[in-house]
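Step one of this worksheet: look at the structure below.
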Amino acid sequence: MSQAEISAASNFIRTLIKQQREAGQQQKVVTRFPPEPNGYLHVGHAKSICLNFGIAEEFGGDCHLRFDDTNPEKESQVFIDAIQEDIRWLGFEWAGDVRFASNYFDQLYDWALHLIKAGKAYVCELDAEQMREYRGTLTEPGKNSPYRERSVEENLAEFEKMRAGDYPNGAKVLRAKIDMAAPNINLRDPILYRIRHQHHHQTGDRWCIYPSYDFTHGQSDAIEGITHSLCTLEFEDHRPLYEWFLENLPVPCKPVQTEFARLNLNYTVTSKRKLKLLVDEGIVDGWDDPRMPTISGMRRRGFTPKSIRDFCDLVGVNRAGGVVDINMLYFALRNDLEHNARRGMVVLNPLKIVITNWEEGREEILTSPSHPARDDLGERQLPFTRELFIDRNDFMEEPPKKFFRLAPGKEVRLRNAWVIRCDEVIKDDQGEIIELRCSYDPDTLGKNPEGRKVKGVVHWVSADKGVPAEVRLYDNLFQVETPDADKDKDFLEHLNPDSLSRVDAICEPSLAQAGAEDHFQFERVGYFCADRHDHQPENGKLVFNRTVSLKDSWAKMQKKQG
RNA sequence: UGGGGUAUAGCCAAGUGGUAAGGCACCUGGUUUUGGUCCAGGCAUUCGGGAGUUCGAAUCUCUCUACCCCAGCCA
């Protein structure tokens with residue numbers, strides 16, 4: 001068996017770069033991933049990371065990590081640290097040191113002066129509300145600010161006062177002088193600098209004016225020698241502005257902005273604002289809650305870096321915004337885990353069975369490969385005793401047709417062990433099944449029984465030797481495909497009440513050796529990951545998170561039959 | 001009613017004038033000590049609609065329609 005190889009398909013950006021290289025342009029490719037440190041990275045960012053780092057890798061270039069830190073009110077060191085950890089975990093390394101747009105504040109300030117001197121920027125004193133009125137609407141042009149025609153000298157003096165801290169927050173702004181009647185609203189004298197008496201995580205209290213995104217991004221790209229500035233579609237309208245700054249400023253080079261569609265996944269939300277709300281409202285247990293589509297949440301859930309990278313390759317890159325089926329994510333996940341996760345047997349919903357023809361006190365140690373197709377992963381020992389647990393779902397007193405599991409009088413294979421037959425069902429006073437009396441066929445270890453076919457296989461754990469574990473069963477956080485699509489319904493109304501349930505499970509003894517973040521396939525059940533924080537085998541506390549269930553054609557068949 | 005975009009199967013997505021790749025999902029069948037994996041097969045007479053150019057159009061032209069983004073001193 002070999003793992004399905006997934007590689008990135010061709011896309012318009014790769015095609016573009018190849019064409020440029022064939023035409024002899026752009027020999028060196030330099031990209032950048034520019035997160036704002038105001039939240040955790042999510043799958044959507046993974047797409048951008050894979051694209052930017054992937055392009056650089058493919059064409060032998062560099063990819064920079066640059067924090068777009070122009071709004072200190074919302075940013076913090078916590079996010080800066082988390083973002084770096086997530087990128088490294090995903091398997092990427094940026095070229096050179098981590099960069100910050102704030103590294104360029106001095107240069108940006110000089111360039112603002114340059115625009116003022118060229119008569120292309122002015123200090124405006126309209127307040128926020130007036131500014132909105134003057135801006136016009138989508139269909140009506142704006143009108144010029146009364147401050148638009150100030151002299152260069154006055155603008156220089158005013159801007160210097162802004163920088164010196166002579167004015168309170170919001171009192172004045174520096175604006176580019178472009179065209180208040182432009183059909184593209186971004187060109188209606190956009191704001192370059194605003195006053196914010198705010199401590200900055202990188203520059204401390206050195207500045208009380210901060211440049212806007214538009215005035216920062218392209219120039220930062222130019223300073224770093226970025227060749228391809230890849231961003232999402234919503235910045236398309238900003239491209240003329242991006243280019244306007246590069247043309248009107250003495251920048252060292254002119255990067256080109258190219259937009260691609262952001263990733264949307266069904267059954268989840270990928271909006272930083274909404275994810276932050278889930279965290280702040282305590283709906284989930286932090287940014288790395290295993291139900292979160294954040295990189296750190298997915299990591300804790302049990303996704304592997306490769307599965308996320310493969311997923312991004314599977315999805316592709318283009319300009320048509322769509323919604324990707326989360327099954328594609330799960331496919332990439334299972335595809336990786338199937339090949340690389342060790343196997344173990346764990347009973348989530350125990351039902352005791354007694355092997356009546358197995359002597360009291362007798363214990364046999366069976367061995368089984370840790371992976372059916374990977375000898376290099378070694379083997380594990382499975383103690384077999386008179387009393388065992390199987391899953392309640394694997395027994396039915398009155399089984400329907402095609403139920404290949406245990407039922408009164410029926411036989412089933414105990415995975416990695418013998419074939420047993422159910423002889424008797426024991427119930428309590430309430431009629432609840434509490435135990436099954438079975439007998440085993442000693443001639444079926446490692447071979448099929450003679451003269452009959454036993455179709456079903458069931459997993460089990462020794463009642464004496466099994467070890468208890470807390471197992472957290474995770475499911476989609478939302479129960480509808482597009483939780484944020486309704487205009488009149490809050491996305492929180494679509495939360496899946498069963499996104500998390502906990503069960504006390506019994507594991508085969510080998511699982512007591514599991515280290516945090518180890519991945520397993522619990523045979524016949526699903527893929528699980530030892531919790532990064534709460535799994536403490538040294539204290540006898542085992543905690544596993546369900547990453548994703550195995551495909552279940554039996555469940556599908558039952559569902560279809562109603 | 002302004003500007004900018006996007007339409008190829010249920011979903012993602014190649015394709016750039018020569019007769020619709022691939023993947024997910026789904027459906028058949030086979031193998032199997034995981035109802036998993038794996039293997040074999042099926043799944044668009046047609047590319048948002050219409051008209052036109054052409055020997056030939058998903059690709060070019062015109063037109064219509066639908067959907068997405070933009071009126072933060074957020075990014």
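Side chains are part of it too, since the values below use all heavy atoms of this structure and drop only hydrogens, waters and symmetry mates.
With the nearest nucleotide of RNA chain B identified for both Thr444(A) and Cys124(A), Thr444(A) has the one nearer the 5' end. Toward the 5′ end of RNA chain B lies the nearest nucleotide of Pro183(A), the other residue of the pair Pro183(A) and Asp127(A) mapping further downstream.
Among the heavy atoms of the strands lying under 4.0 Å from Ile191(A) is at least one base atom, whether or not backbone atoms are also near. Across all strands shown, Leu187(A) has no heavy atoms under 4.0 Å from either base or sugar-phosphate atoms. Looking at heavy-atom distances under 4.0 Å, Thr70(A) makes contact with sugar-phosphate atoms alone, never a base. Residue Phe522(A) is classed as having no contact, given no heavy-atom separation below 4.0 Å to the nucleic acid. Within the nucleic acid shown, Glu73(A) has no heavy atom closer than 4.0 Å to any nucleic acid atom. Residue His459(A) is out of contact with every strand shown, counting any heavy-atom pair closer than 4.0 Å. Within the nucleic acid shown, Val173(A) comes within 4.0 Å of at least one base atom, counting heavy atoms only. In this structure, Tyr193(A) reaches neither bases nor backbone, as no heavy-atom distance under 4.0 Å exists between it and the strands shown. Among the heavy atoms of the strands lying under 4.0 Å from Asp237(A) is at least one base atom, whether or not backbone atoms are also near. Counting non-hydrogen atoms under 4.0 angstrom, Met345(A) reaches nothing in the nucleic acid. Residue Asn416(A) is in base contact, counting any heavy-atom pair closer than 4.0 Å across all strands shown. Across all strands, Arg196(A) comes closer than 4.0 Å to base atoms (heavy-atom distances). Gly526(A) comes within contact range of no nucleotide atom at all, as no heavy-atom separation falls under 4.0 Å. If you check every strand for non-hydrogen atoms under 4.0 Å, Ala320(A) touches sugar and phosphate atoms only.
Protein atom CG of Asp325(A) is 13 Å distant from nucleotide atom P of A13(B), rounded to whole Å. As rounded to whole Å, 13 Å separates atom C1' of A7(B) from atom CG of Leu233(A). What separates CD1 of Ile420(A) from P of U33(B) is a distance of 17 Å, to the nearest Å. Atom-to-atom, CG of Asp443(A) to P of U33(B) comes out at 16 Å; the value is rounded to the nearest Å. Rounded to an integer number of Å, the gap from Asn393(A) CG to G35(B) P is 13 Å. For the pair Glu158(A) CD and C73(B) P, the interatomic distance rounds to 20 Å; values are reported in whole Å. Rounded to a whole Å, the CD atom of Glu411(A) is 15 Å from the P atom of U33(B). Residue Phe12(A) contributes atom CZ, which lies 17 Å from atom P of U16(B) at whole-angstrom precision.
The side chain of Ser10(A) approaches G15(B) more closely than any other nucleotide in the set G15(B), U37(B), G35(B). Set against U34(B), U37(B), C74(B), the side chain of Glu523(A) has U34(B) as its closest nucleotide. With A71(B), G35(B), U34(B) as the choices, the nucleotide that has an atom nearest any side-chain atom of Arg135(A) turns out to be A71(B).
Checked by atom type and distance alone, the side chain of Arg148(A) never pairs as donor or acceptor with a backbone atom of Lys177(A) at under 3.5 Å. Side chain of Gln130(A) to backbone of Asp127(A): a donor-acceptor contact under 3.5 angstrom is found. For Asp391(A) (side chain) and Val347(A) (main-chain N/O), no donor-acceptor pair under 3.5 Å exists by modelled atom type. The closest donor-acceptor contact from the side chain of Arg262(A) to the backbone of Thr232(A) lies at 3.5 Å or more, if one exists at all.
The nucleotide C62(B) finds its pairing partner in G50(B), both defining distances of the Watson-Crick or G-U wobble pair being shorter than 3.5 Å. Nucleotide G18(B) has C55(B) as its partner under the Watson-Crick or G-U criteria, with both atom distances under 3.5 Å. Pairing for C38(B) goes to G30(B), judged as Watson-Crick or G-U wobble with the two contacts each under 3.5 Å. As the counterpart of G2(B), C70(B) is assigned, both hydrogen-bonding distances of the Watson-Crick or G-U wobble pattern falling under 3.5 Å.
When the P atom is compared between U46(B) and U32(B), the two are found 42 Å apart, to the nearest whole Å. C39(B) sits 7 Å from U31(B) when the C1' atoms are compared, rounded to a whole Å. Between the P atoms of A44(B) and C11(B), the separation comes to 15 Å (whole Å). Comparing U59(B) with A9(B), their P atoms are spaced 15 Å from each other, to the whole Å. Rounded to whole Å, the separation between the C1' atoms of G15(B) and A58(B) comes to 8 Å. Taking atom C1' in both C68(B) and A57(B), one finds a spacing of 28 Å when rounded to whole Å. With both ends at atom C1', the span from U63(B) to G23(B) equals 35 Å, rounded to whole Å. Nucleotides U6(B) and A14(B) are separated by 13 Å at their P atoms, to the nearest Å.
OP1 or OP2 of C26(B) has not a single side-chain nitrogen or oxygen of Lys560(A) nearer than 4.0 Å. Taking only side-chain nitrogens and oxygens, Arg319(A) never comes nearer than 4.0 Å to OP1 or OP2 of C67(B). A sub-4.0 Å separation between OP1 or OP2 of A13(B) and a side-chain N or O of Asn318(A) is present. Considering only side-chain N and O atoms, Ser212(A) lies nowhere under 4.0 angstrom from the phosphate OP1 or OP2 of A75(B). Applying the 4.0 Å criterion to OP1 and OP2 of A75(B), one finds that Arg194(A) has a side-chain N or O inside that range. Side-chain N/O atoms of Arg524(A) include one lying less than 4.0 angstrom from OP1 or OP2 on G35(B).
Side chains of His201(A) and Glu75(A): a donor-acceptor N/O pair is present below 3.5 angstrom, by distance only. His64(A) and Glu224(A) form a side-chain donor-acceptor contact under 3.5 Å, judged by distance and modelled atom types alone. With 3.5 Å as the limit, one finds a donor-acceptor pair spanning the side chains of Arg374(A) and Asn340(A).
Checking each of Arg342(A), Arg380(A), Arg343(A) against Glu508(A) for a salt bridge (charged side-chain N to carboxylate O under 4.0 Å, His left out) leaves exactly one that passes, namely Arg380(A). Among the candidates Ile116(A), Leu115(A), Asn155(A), the single residue satisfying the side chain to side chain contact (heavy atoms under 4.5 Å, CB included) test with Tyr122(A) is Asn155(A). Under the side-chain hydrogen bond (donor to acceptor under 3.5 Å, both in side chains) rule, His217(A) has a single partner from Arg32(A), Gln257(A), His238(A), which is Arg32(A).
Between Phe384(A) and Tyr440(A), the ring planes are tilted. Angles from 30° to 60° get that label.
The stretch residues 547-556 of chain A touches RNA chain B through Leu550(A), Lys551(A), Asp552(A), Ser553(A), Trp554(A), Lys556(A), each having a heavy atom within less than 4.0 Å of the strand.
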Margin query: What verdict does the side-chain hydrogen bond (donor to acceptor under 3.5 Å, both in side chains) test give for Tyr134(A) and Asp189(A), after you've listed the backbone C-alpha separation in whole Å, the side-chain angles of each residue and the deciding distance to 0.1 Å?
Written below: CA-CA 10 Å; Tyr134(A) 274 75; Asp189(A) 290 9; over 6 Å; no

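Anti is the glycosidic conformation of G41(B), whose angle departs from 0 by more than 90°.
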